[in-house]
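In what follows, every heavy atom counts, from backbone to side chain, and hydrogens, waters and symmetry copies are set aside. In what follows, every chain begins at residue 1, and chains take the letters A, B, ... in the order their sequences are listed.
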There are 2 protein chains.
Amino acid sequence: MTIKLIGMDYEPMGVATDLVILTVRAGSLQVLLIRRGIPPYQGRWALPGGFVRDQEDLESAARRELAEETGLASERIHLEQVATYGEPKRDPRGRVISVAYLALVPDLPAPVAGTDAASASWVPAGEVLADPKRLAFDHHRVLSDGVERARAKLEYSPLATAFCAGEFTISELRGIYEAVWGQTIDPRNFHRKVTKAEGFVVPVGTTTTRDGGRPAQLFHRGEAKTLHPPLTRGLAAGG
Amino acid sequence: MTIKLIGMDYEPMGVATDLVILTVRAGSLQVLLIRRGIPPYQGRWALPGGFVRDQEDLESAARRELAEETGLASERIHLEQVATYGEPKRDPRGRVISVAYLALVPDLPAPVAGTDAASASWVPAGEVLADPKRLAFDHHRVLSDGVERARAKLEYSPLATAFCAGEFTISELRGIYEAVWGQTIDPRNFHRKVTKAEGFVVPVGTTTTRDGGRPAQLFHRGEAKTLHPPLTRGLAAGG
DNA sequence: GCAAAAGTGTTACGAGTACACCCATGT
DNA sequence: ACATGGGTGTACTCGTAACACTTTTGC
């Protein structure tokens, strides 16, 4: 099928968005997967996603999917475009272009709202990435790109706070880095770097003992969009 | 128009690729623009691009456009995806999704082959970016994103060599950085950093006097995909 | 008191900056 | 000889890594 458009021909294609929704739960980086109820790849795990509607913006479509799968409708959830996948045979149903988005959400009190729990669940990202055949379509590649983006951005942006609740302690923030990077970080140097980086975290003024030990100050995220200096992934283990 | 696809409806859309083709000429970062011969935006400047064909991969489509506009058909030309733009009203002809690619090419001996010179030309990127109304569609935004990507990647990848001919001197490489970043760099510290960074440049063994003064060693690009340590954009002016 | 986690001080090291200085060519 | 750019040596500074040490809670 070819469509004429003022002297120019083009092949119409399906346009979808797929979501890499990440969170940190129980000290590990986890991704939200759904089990497909219909062909193709029926019964296999896949990233949440769906077709973009007429007159709907790409990011709006991604945000709609996110709300449908997690119940998180807030504009404050971090959502960013990662890449677009358009290999001709990637979807056996026909030509479908997929725009992948990365969403970072805090550990949700209610596991997954707005959808039936049987078909959606959190799975450790490392476990999924270890098996290239686990996911439907080219979703292994999409997940891999999304996770790598998240890892890279933690270095030079204050993005880690997107995984945290409104108020958090420095060691909770450190737990995010340790889960995403898969390595331990010296708590003392981390504390100093993070609190000194301009606009990264701002103290709330209250403390909590929920992590045990001496009470820790609570912080909320600052206004900074980039980190100076960056947190290097080589920030080694210690103490 | 809605298409049924195994119980799922989707709106078919046009899918295009647009190219941000950058080079460094006469000490400035320049972008290849074409003057549109047909509506919409007839007579306005725009990024080269076109619809993706049936059974054609996104990157293949971008590479085809690149070859058509520049005559550069080599697989060795650096080409990477930047972002996808899909605002519903971005193209007045109808719903068109555009996948933007960034291409970095050396300063071509023949200006622009494979196309009529009247309609395509190199324009300093800074000049275009200074006027948000210069380009058709949302191409100002696309160009802006592409240039920012190039600037950022010079820091942590050996990408600058993509702007160079097969063999180049360190000061020619430095000229790339100065043009893209718009700042001067200390030639002595730059020389040391670049030649010491593992896999960035490898000496050919011959020298040239084409830059004047003492003969300079010639290098070609190395195998490294990332730079350790990175070249900071704060690499200050000097001497 | 003891364990546990928060938070501070200090030292050693390595990378970045600035710049003095020498080298090899063209004119 | 002199100008021009290539290339090396080196001192200073600053961010990081490592880790000893003090603080404040729960049990």
Enquirer: Looking at B:Val147 and B:Ala125, what are the two nearest heavy atoms and their distance?
Expert: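 Where B:Val147 meets B:Ala125 most closely, the heavy atoms are CG2-CB, 4.4 Å.
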
Enquirer: Pick base, sugar-phosphate or nothing for A:Arg210, based on heavy-atom distances below 4.0 Å to the nucleic acid.
Expert: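 No contact at all - A:Arg210 keeps every heavy atom at 4.0 Å or more from the nucleic acid.
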
Enquirer: Between A:Phe190 and A:Tyr177, is a ring pair (Phe, Tyr, Trp, His ring centres under 6.0 Å) present by the stated rule, with each step listed?
Expert: CA-CA 10 Å; A:Phe190 181 82; A:Tyr177 278 90; 5.5 Å; yes

Enquirer: Considering only NZ, NE, NH1 and NH2 on the basic side and carboxylate oxygens on the acidic side, decide whether A:Asp186 and A:Arg188 come within less than 4.0 Å.
Expert: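 Yes, this pair counts.
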
Enquirer: Is it the case that D:dG15 (base atoms only) and A:Arg192 (side chain only) share a donor and an acceptor within less than 3.5 Å, ignoring hydrogens and angles?
Expert: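 No, the side chain and the base share no sub-3.5 Å donor-acceptor pair.
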
Enquirer: Is the base of C:dA6 touched by the side chain of A:Arg214 through a donor-acceptor pair closer than 3.5 angstrom?
Expert: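 When only heavy-atom distances are counted, A:Arg214 does reach the base of C:dA6 through a donor-acceptor pair under 3.5 Å.
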
Enquirer: Starting from C1' on D:dA20, measure out to CG on A:Asp186 and report it in whole angstrom.
Expert: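 So the CG-C1' distance, A:Asp186 to D:dA20, works out to 12 Å.
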
Enquirer: What nucleotide among C:dT17, D:dG7, C:dA6 has an atom nearest to a side-chain atom of A:Arg174?
Expert: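 For A:Arg174, the side-chain atoms sit closest to C:dA6.
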
Enquirer: With sugar-phosphate meaning primed atoms plus P, OP1 and OP2, does B:Ser171 contact a base, only sugar-phosphate, or nothing at under 4.0 Å between heavy atoms?
Expert: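 Sugar-phosphate, no base atom in range.
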
Enquirer: Closer than 4.0 Å, any side-chain N/O of B:Lys193 to the OP1 or OP2 of C:dG16?
Expert: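 Looking at the OP1 and OP2 atoms of C:dG16, one of them is under 4.0 Å from a side-chain N or O of B:Lys193.
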
Enquirer: Please report, rounded to the nearest Å, how far the C1' atom of C:dC19 is from the CD1 atom of B:Ile185.
Expert: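 For the pair B:Ile185 CD1 and C:dC19 C1', the rounded distance is 17 Å.
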
Enquirer: Among D:dG15, C:dG7, C:dC19, find the nucleotide with the atom closest to the side chain of B:Arg188.
Expert: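 Selected nucleotide (nearest to the side chain): C:dC19.
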
Enquirer: Any N or O donor-acceptor pair linking the side chain of B:Asn189 to the base of C:dA18 at under 3.5 Å?
Expert: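 Pair found.
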
Enquirer: Please report the distance, rounded to the nearest Å, between CG in A:Leu173 and C1' in C:dA6.
Expert: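 Answer to the nearest Å: 15 Å.
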
Enquirer: Would you sketch DNA chain C in dot-bracket for me? Only Watson-Crick or G-U wobble pairs with both distances under 3.5 Å count, crossing pairs as [ ], other-strand pairs as |, the rest as dots.
Expert: |||||||||||||||||||||||||||

Enquirer: So does B:Thr209 get a side-chain nitrogen or oxygen closer than 4.0 Å to the phosphate oxygens (OP1/OP2) of C:dA24?
Expert: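 No.
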
Enquirer: Which listed nucleotide (C:dA5, C:dC19, D:dG7) is nearest to the side chain of A:Asp211?
Expert: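 So the nucleotide nearest the side chain must be C:dA5.
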
Enquirer: As a test of reading the structure: which of C:dA6, D:dT24, D:dC19 is closest to the side chain of A:Pro215, going by heavy atoms?
Expert: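 It is D:dT24.
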
Enquirer: Looking only at side chains, do B:Asp18 and B:Tyr85 share a donor and an acceptor under 3.5 Å apart?
Expert: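 The answer is no; no qualifying pair exists.
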
Enquirer: Given B:Arg134, which partner from the list B:His139, B:Glu127, B:His140 fulfils the side-chain contact (heavy atoms from CB on, under 4.5 Å) test?
Expert: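 The single option meeting the side-chain contact (heavy atoms from CB on, under 4.5 Å) with B:Arg134 is B:Glu127.
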
Enquirer: Relative to the 5' end of DNA chain D, which residue comes earlier, B:Phe219 or B:Gly213, by the nucleotide with the nearest heavy atom?
Expert: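 Closest to the 5' end, via its nearest nucleotide, is B:Gly213.
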
Enquirer: A:His228 has an atom NE2; how far is it from atom C1' of D:dG15, in whole Å?
Expert: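 Between C1' of D:dG15 and NE2 of A:His228: 15 Å.
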
Enquirer: Atom CZ of B:Phe190 to atom P of C:dA18: distance rounded to whole Å?
Expert: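 That distance rounds to 16 Å.
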
Enquirer: Give me each pair satisfying salt bridge (charged side-chain N to carboxylate O under 4.0 Å, His left out) with a member in residues 166-176 of chain A, each pair once, sequence neighbours excluded.
Expert: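 As it turns out, the salt bridge (charged side-chain N to carboxylate O under 4.0 Å, His left out) pairs with a partner in residues 166-176 of chain A, which skip direct neighbours, are A:Glu172-A:Arg210, A:Arg174-A:Glu178.
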
Enquirer: When you measure from the side-chain N and O atoms of B:His191 to the phosphate of D:dG7, is any distance below 4.0 Å, counting only OP1 and OP2?
Expert: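 Checking D:dG7 against B:His191, a side-chain N or O does come within under 4.0 Å of OP1 or OP2.
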
Enquirer: Provide, to the nearest angstrom, the distance between the CD atom belonging to A:Glu198 and the C1' atom belonging to D:dG15.
Expert: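 To the nearest whole Å, that distance equals 16 Å.
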
Enquirer: Grab the CD-C1' distance between A:Glu178 and C:dA5 for me, whole Å please.
Expert: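 Going from CD in A:Glu178 over to C1' in C:dA5 covers 13 Å.
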
Enquirer: Test B:Glu148 against every option in B:Lys153, B:Arg141, B:Arg233 by the salt bridge (charged side-chain N to carboxylate O under 4.0 Å, His left out) rule and name the one that passes.
Expert: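 Of the listed options, the one satisfying the test is B:Arg233.
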
Enquirer: If I take atom CD in residue B:Gln217 and atom P in nucleotide C:dT25, what distance separates them, rounded to the nearest angstrom?
Expert: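 Atom CD in B:Gln217 sits about 12 Å away from atom P in C:dT25.
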
Enquirer: For A:Trp181, does its backbone N or O pair with a side-chain atom of A:Arg151 as donor and acceptor, under 3.5 Å?
Expert: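 No: the side chain of A:Arg151 does not pair with the backbone of A:Trp181.
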
